[in-house]
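Below is one structure; the comments refer to it alone.
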Number of protein chains: 2
Amino acid sequence: MKKGKKEKLERAGWVVGGAEEFLDLSDAEMALIDVRVSLAKALRHRRQKMKISQATFAKRVGSSQSRVAKMEAGDPSVSIDLLLRSLITSGSSAEEIGRVIAAAGLDPATV
Amino acid sequence: MKKGKKEKLERAGWVVGGAEEFLDLSDAEMALIDVRVSLAKALRHRRQKMKISQATFAKRVGSSQSRVAKMEAGDPSVSIDLLLRSLITSGSSAEEIGRVIAAAGLDPATV
DNA sequence: TGACATAATGTCTAATCTGACATATCTTCT
DNA sequence: AGAAGATATGTCAGATTAGACATTATGTCA
């Protein structure tokens, strides 16, 4: 496992359980979490820029306030599909989303 | 609806039903299909570059031959989540995937 | 402080998605 | 033609994810 992996997961709010389960987290899973968290941040920024509440945003994209909260939190119960759908429905372009994903996992200081 | 939308959907192999249902397809749905199809192509290219069969590829990413076939076909029953998971598990970087998504929906001749 | 808006968390049932399997349809050989 | 390998298609039971709702927490005013 790479240096700082567990810390990174925990910063992102993930329950990684004991060391045993954690060792089972593959690099692929890590990368996917990075993508999820990046999209989650992009979604929150987008909504905040619109200056609307989670409830209002939820109505516009056809979801619920609680699910929007979970989306923005990068909750494991939210699929990347839903994040993409919400971003696009709210007006993000594929190009914007592509850039977000391309930058996923990079150290924010270097981005 | 934008010009050529239905034709585009049909080229991608989607059953769009009658005109009524088709009119219900929003621009957001179109954009998501573009993303799915782009990722599907990227996955096929990746596997072909590796010179392995769908069955072999399936084992490596923890799926089945039939599902890999559906992934590469951009079948509606395949989630974007699964496409991303398979790409990353097979070694694609977030940056590569980001570029693929950013180019989604663009006219191939211009890309 | 209390009232009010907003955001977070937990939990349901319904809907969607998955791997697996069977089977059919190519492709590429001899 | 026919055997063999690869790919496509259809289906299904089990797993995952969805919106919805209730509840709790966190502001943010007067």
Side-chain angles (χ1 to χ4, degrees), chain A residues 10-15 17 21 24-26 28-29 32-33 35-37 39-90, chain B residues 10-15 17 21 24-26 28-29 32-33 35-37 39-90:
Chain A
E10 287 169 345
R11 245 184 291 127
W14 287 67
V15 177
E21 293 106 353
D24 288 338
L25 281 176
S26 69
E29 287 174 297
L32 278 169
I33 289 172
V35 169
R36 190 200 305 268
V37 169
L39 292 173
K41 285 180 183 166
L43 190 72
R44 170 159 286 170
H45 288 151
R46 177 147 199 92
R47 178 183 63 82
Q48 288 178 337
K49 205 168 184 179
M50 293 174 171
K51 303 205 191 237
I52 57 180
S53 68
Q54 290 180 344
T56 302
F57 187 86
K59 281 218 169 176
R60 297 215 193 152
V61 302
S63 186
S64 61
Q65 180 270 322
S66 59
R67 200 134 283 276
V68 170
K70 281 158 192 162
M71 284 188 225
E72 295 185 353
D75 190 282
S77 82
V78 177
S79 72
I80 293 180
D81 263 274
L82 182 59
L83 283 165
L84 289 178
R85 235 181 301 140
S86 300
L87 277 167
I88 286 183
T89 301
S90 71
Chain B
E10 286 169 345
R11 246 184 289 126
W14 288 68
V15 177
E21 293 104 352
D24 289 337
L25 280 176
S26 68
E29 287 174 296
L32 277 169
I33 290 172
V35 168
R36 191 201 304 269
V37 170
L39 292 173
K41 285 180 184 166
L43 190 72
R44 170 159 286 171
H45 287 152
R46 178 148 198 91
R47 177 182 64 82
Q48 287 178 336
K49 205 167 184 179
M50 292 175 170
K51 302 200 190 241
I52 57 180
S53 68
Q54 290 180 344
T56 303
F57 187 85
K59 281 217 168 175
R60 298 215 192 151
V61 303
S63 186
S64 62
Q65 180 269 323
S66 60
R67 201 134 284 277
V68 170
K70 282 159 192 160
M71 284 188 226
E72 295 185 353
D75 189 282
S77 82
V78 177
S79 72
I80 294 179
D81 263 275
L82 183 59
L83 283 164
L84 290 177
R85 233 181 301 141
S86 301
L87 277 167
I88 286 184
T89 300
S90 71

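Letters go in sequence order (proteins before strands), and every chain restarts at 1.
- The distance between atom CZ of R60(B) and atom P of dG19(C), rounded to the nearest whole Å, is 17 Å.
- For R44(A), a side-chain nitrogen or oxygen approaches OP1 or OP2 of dA8(C) to under 4.0 Å.
- The side chain of S64(B) lies closest to dA20(C), out of dA8(C), dA20(C), dA8(D).
- Residue S63(B) places at least one side-chain N or O under 4.0 Å from the OP1 or OP2 atom of dG19(C).
- Distance CG (L83(B)) to C1' (dG19(C)): 15 Å, rounded to an integer number of Å.
- Across all strands shown, V68(A) has no heavy atoms under 4.0 Å from either base or sugar-phosphate atoms.
- A donor-acceptor contact under 3.5 Å is not formed by the side chain of K70(A) with the base of dG19(D).
- Partner of V78(A) under the side chain to side chain contact (heavy atoms under 4.5 Å, CB included) criterion, chosen from I80(A), L82(A), D81(A): L82(A).
- Note: CG (D81(B)) to P (dG19(C)) measures 11 Å, nearest angstrom.
- Atom CD in E72(A) sits roughly 11 Å away from atom C1' in dA8(C) (whole-Å rounding).
- Remark: the S66(B) side chain and the dC21(C) base include a donor-acceptor N/O pair separated by less than 3.5 Å.
- In this entry the distance linking NZ of K59(B) with P of dT18(C) reads 21 Å, nearest Å.
- The partner of dA30(D) is dT1(C), by the rule that a Watson-Crick or G-U pair needs both atom distances under 3.5 Å.
- No more than 12 heavy atoms of other residues, nucleotides or ligands sit less than 6.0 Å from atom CZ of R60(B).
- Side-chain proximity of L82(B) to dA18(D), dG19(C), dA8(C): nearest is dG19(C).
- The closest side-chain heavy-atom distance from L83(B) to R36(B) is below 4.5 Å.
- In this model, a side-chain donor or acceptor of Q65(A) finds a partner on the base of dA8(C) within 3.5 Å.
- Note on S79(A): every side-chain N or O is 4.0 Å or more away from OP1 and OP2 of dT16(D).
- Where S53(B) and V61(A) meet DNA chain D, the nucleotide closest to each residue was compared, and S53(B) sits on the side nearer the 5' end.
- The shortest side-chain heavy-atom distance between Q54(A) and R44(A) falls under the 4.5 Å cut-off.
- Between Q54(B) and dA8(D), a side-chain N or O to OP1/OP2 separation shorter than 4.0 Å is present.
- Distance L43(A) CG to dA7(C) P: 12 Å, rounded to the nearest Å.
- One atom, CG of D75(B), and another, C1' of dT7(D), lie 14 Å apart when rounded to the nearest Å.
- Residue pairs satisfying the salt bridge (charged side-chain N to carboxylate O under 4.0 Å, His left out) criterion with at least one member in residues 47-56 of chain A, sequence neighbours excluded, are listed as follows: R47(A)-E72(A).
- The CE-C1' distance, from M71(A) to dA8(C), rounds to 14 Å in whole Å.
- The closest side-chain donor-acceptor pair between T56(A) and S53(A) falls under 3.5 angstrom.
- Contact of the R67(B) side chain with the S77(B) side chain is registered, since non-hydrogen atoms from C-beta on lie closer than 4.5 Å.
- Side-chain contact between L43(B) and L39(B) is absent, with no heavy-atom pair separated by less than 4.5 Å.
- R47(B) has a side-chain polar atom (N or O) that falls below the 4.0 Å cut-off from OP1 or OP2 of dT7(D).
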Collect all protein-nucleotide pairs involving nucleotides 12-14 of chain D in which both atoms are nitrogen or oxygen and the distance is under 3.5 Å.
none

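- Donor-acceptor pairing under 3.5 Å, judged by distance alone, is absent between the side chain of K51(A) and the base of dT6(C).
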